[in-house]
2 protein chains.
Amino acid sequence: MSDPDTETGYVLDRQVGFLLRRATQRHLAIFSSHIDDLTPTQFTALAQLCVLGRASQNALGRATAMDGATIKGVMDRLRRRGLVSAAPDEDDQRRLLLVPTEAGRALLARRLPAARATTEETLAPLDAAERALLLDLLARLG
Amino acid sequence: MSDPDTETGYVLDRQVGFLLRRATQRHLAIFSSHIDDLTPTQFTALAQLCVLGRASQNALGRATAMDGATIKGVMDRLRRRGLVSAAPDEDDQRRLLLVPTEAGRALLARRLPAARATTEETLAPLDAAERALLLDLLARLG
DNA sequence: GCGGTTTTGTTTGTATACAAACGGATGTTG
DNA sequence: CAACATCCGTTTGTATACAAACAAAACCGC
């Protein structure tokens, strides 16, 4: 009767959207406590570009789930810092061919241990089976 | 050997942070397909304010996991649309006392079914047991 | 009751995110 | 090959998010 959800039936702590936002916030805070010279988004984009070797801007955006406007801003900042280089694609005049620089690859390599520590700390409340389960459930949502 | 993670050991699709971002993106897209006159953040803030009845700006921010700068912007927009009213707190001159207007409560009531549909559609890939499990695991992360 | 600390709201600056619109290049199809 | 559609990168506008700094108000220890 004195339940706060009597009127609306809306209990915040049970909403998927809210729980996702909270978990993301905590993960972001942990990330920046381990890595202070790259944002999670920048790290993801740089890491994926290193895996791919080279990619057009939009293709990298698709690979990292960022739209055109977002990936442009991210790459602009990485390029300004000399971590990524860009050149027009010979075969397709529309495309901007992106390649990680040596500095970019080196920085990624130096930060990989901290990235793994970030994941570890984020998942610390869960045991191994629960971690696998969570990743599986999240993957099926996305 | 031809595994793309040979160099970095970094497989994007297994990173919690990436999966959280993807799931959040999908949830956001579903939300806006059901509700086009409130953002998820605005909905959360309005709903929580309706549950609380009244709250100071920072207190509402804490209740909805938004920092001071964020909750200010959200409330400014809700106030501009007449969904929330604000007045100085008599007992504490620092505080801004927020209260949902009738229009705010009415809009929330009209949008609650769509909000439930959003949750339902987001969790559609999972059965009942898996949904409960996911919410539990996410709650323990946050 | 007074001085140091905290709280509250605000502002500024940076960084995602996404929608919408655009011009240029490429692809497709009849 | 010409009309049409699609893709690419860019720009603009809006909306979270968070850090850092600030002034005013309230609190708290001694």
Side-chain angles (χ1 to χ4, degrees), chain A residues 17-18 20-33 35-46 55-81 84 86-98 142, chain B residues 17-18 20-33 35-46 55-81 84 86-98 142:
Chain A
F18 183 68
L20 283 172
R21 194 160 66 84
R22 293 269 287 158
T24 299
Q25 281 176 347
R26 177 162 166 278
H27 179 257
L28 178 75
I30 293 170
F31 185 99
S32 57
S33 76
I35 299 177
D36 64 352
D37 56 359
L38 286 174
T39 66
T41 306
Q42 290 167 4
F43 182 90
T44 297
L46 180 59
S56 76
Q57 193 167 267
N58 278 1
L60 183 59
R62 285 189 295 270
T64 53
M66 304 178 200
D67 73 1
T70 299
I71 191 69
K72 182 196 183 334
V74 174
M75 295 316 291
D76 282 352
R77 286 180 279 277
L78 292 180
R79 286 165 62 185
R80 196 187 311 142
R81 290 172 55 188
V84 167
D89 187 321
E90 299 297 329
D91 303 331
D92 189 334
Q93 304 281 322
R94 298 170 301 180
R95 291 200 175 107
L96 193 62
L97 192 59
L98 303 172
Chain B
F18 184 67
L20 283 171
R21 194 160 65 86
R22 293 270 286 155
T24 300
Q25 282 176 345
R26 179 163 165 276
H27 179 258
L28 179 74
I30 293 171
F31 184 100
S32 56
S33 76
I35 299 178
D36 64 352
D37 55 359
L38 285 174
T39 66
T41 306
Q42 290 166 4
F43 183 91
T44 297
L46 180 58
S56 75
Q57 193 167 266
N58 277 2
L60 183 59
R62 285 190 294 270
T64 53
M66 303 177 201
D67 73 1
T70 299
I71 192 68
K72 182 197 184 330
V74 173
M75 295 318 290
D76 282 352
R77 286 181 279 277
L78 292 180
R79 286 164 62 185
R80 195 187 313 142
R81 291 171 55 187
V84 167
D89 187 321
E90 299 297 330
D91 303 330
D92 189 334
Q93 305 281 323
R94 299 170 302 178
R95 289 200 175 108
L96 193 61
L97 192 59
L98 302 171

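Below, chain A is the first sequence line, B the second, and so on; all start at residue 1.
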- Item | Side chain to side chain, A:Gln42 and A:Arg81, heavy atoms closer than 4.5 Å |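 Yes. Closest side-chain heavy atoms under 4.5 Å.
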- Between B:Leu60 and B:Leu98, is any pair of side-chain heavy atoms under 4.5 Å apart?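 They are in contact (side-chain heavy atoms under 4.5 Å apart), so the answer is yes.
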To the nearest 0.5 angstrom, please state how far the [atom1] atom of [X] sits from the [atom2] atom of [Y].
X	Y	atom1	atom2	answer
A:Phe31	A:Asp36	CZ	CG	10.0 Å
B:Thr41	A:Phe18	OG1	CZ	11.0 Å
A:Thr24	B:Arg21	OG1	CZ	10.0 Å
B:Asp37	B:Ser32	CG	OG	11.5 Å

Given atom [atom1] of [X] and atom [atom2] of [N], what is their separation to the nearest angstrom?
X	N	atom1	atom2	result
B:Arg81	D:dT14	CZ	P	14 Å
A:Arg95	D:dG9	CZ	P	7 Å
A:Leu97	D:dC8	CG	C1'	13 Å
A:Leu60	D:dG9	CG	C1'	14 Å
B:Asp36	D:dT14	CG	C1'	15 Å
A:Ile35	D:dC18	CD1	P	18 Å
A:Gln57	D:dC8	CD	C1'	9 Å
B:Asp91	C:dT8	CG	P	14 Å

- Query: Is the phosphate of C:dT7, meaning OP1 or OP2, less than 4.0 Å from a side-chain N or O of B:Arg62?
  - Reply: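 For C:dT7, neither OP1 nor OP2 has a side-chain N or O of B:Arg62 closer than 4.0 Å.
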- Message: Does atom CZ (A:Arg79) have a neighbourhood of more than 12 heavy atoms from anything else shown, all under 6.0 Å?
- Response: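 Check passes, neighbour count above 12.
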- Looking at every strand, decide which applies to B:Ser56 at a 4.0 Å heavy-atom threshold: base, sugar-phosphate, or nothing.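 Contact class for B:Ser56: sugar-phosphate only.
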- Who are the salt bridge (Lys or Arg N to Asp or Glu O under 4.0 Å) partners of A:Asp92, not counting sequence neighbours?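 A:Asp92: salt bridge (Lys or Arg N to Asp or Glu O under 4.0 Å) contacts with A:Arg94, A:Arg95.
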- If only atom types and distance count, is the side chain of A:Gln25 paired as donor or acceptor with the main-chain N or O of B:Ala65 below 3.5 Å?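 Yes; judged by distance alone, with no hydrogens or angles, the pair exists.
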- For residues 60-77 of chain B, which residue pairs qualify under side-chain hydrogen bond (donor to acceptor under 3.5 Å, both in side chains), counting only residues two or more places apart or in two chains?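 Residue pairs passing side-chain hydrogen bond (donor to acceptor under 3.5 Å, both in side chains), neighbours aside: B:Asp67-B:Thr70, B:Lys72-B:Asp76.
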- Just report the end-to-end axis angle for the helix from C:dG1-D:dC30 to C:dG30-D:dC1, five pairs per end, to 10 degrees.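 The value is 40°.
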Look for any protein N or O under 3.5 Å of an N or O in nucleotides 15-17 of chain C and output each such pair with its distance, or none.
unit_1 : atom_1 : unit_2  : atom_2 : d
C:dT16 : OP1    : A:Thr39 : OG1    : 2.6
C:dT16 : OP2    : A:Gln42 : NE2    : 2.9
C:dT16 : OP2    : A:Arg77 : NE     : 2.9
C:dT16 : OP2    : A:Arg77 : NH2    : 3.3
C:dT16 : O5'    : A:Arg77 : NH2    : 3.3
C:dT16 : O3'    : A:Thr41 : OG1    : 3.3
C:dA17 : OP2    : B:Arg21 : NH1    : 3.2

- Query: Which sits closer to the 5' end of DNA chain D, A:Ala29 or A:Leu96, going by the nucleotide each is nearest to?
  - Reply: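 Closest to the 5' end, via its nearest nucleotide, is A:Leu96.
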- Residues two or more places apart in sequence or in another chain: which of them pass side chain to side chain contact (heavy atoms under 4.5 Å, CB included) with A:Arg26?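 Counting only residues at least two positions away or on another chain, A:Arg26 forms a side chain to side chain contact (heavy atoms under 4.5 Å, CB included) with A:Ile30, A:Thr122, A:Pro125, B:Leu141.
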Atom pairs under 3.5 Å: protein N/O with N/O of nucleotides 21-25 of chain C:
none

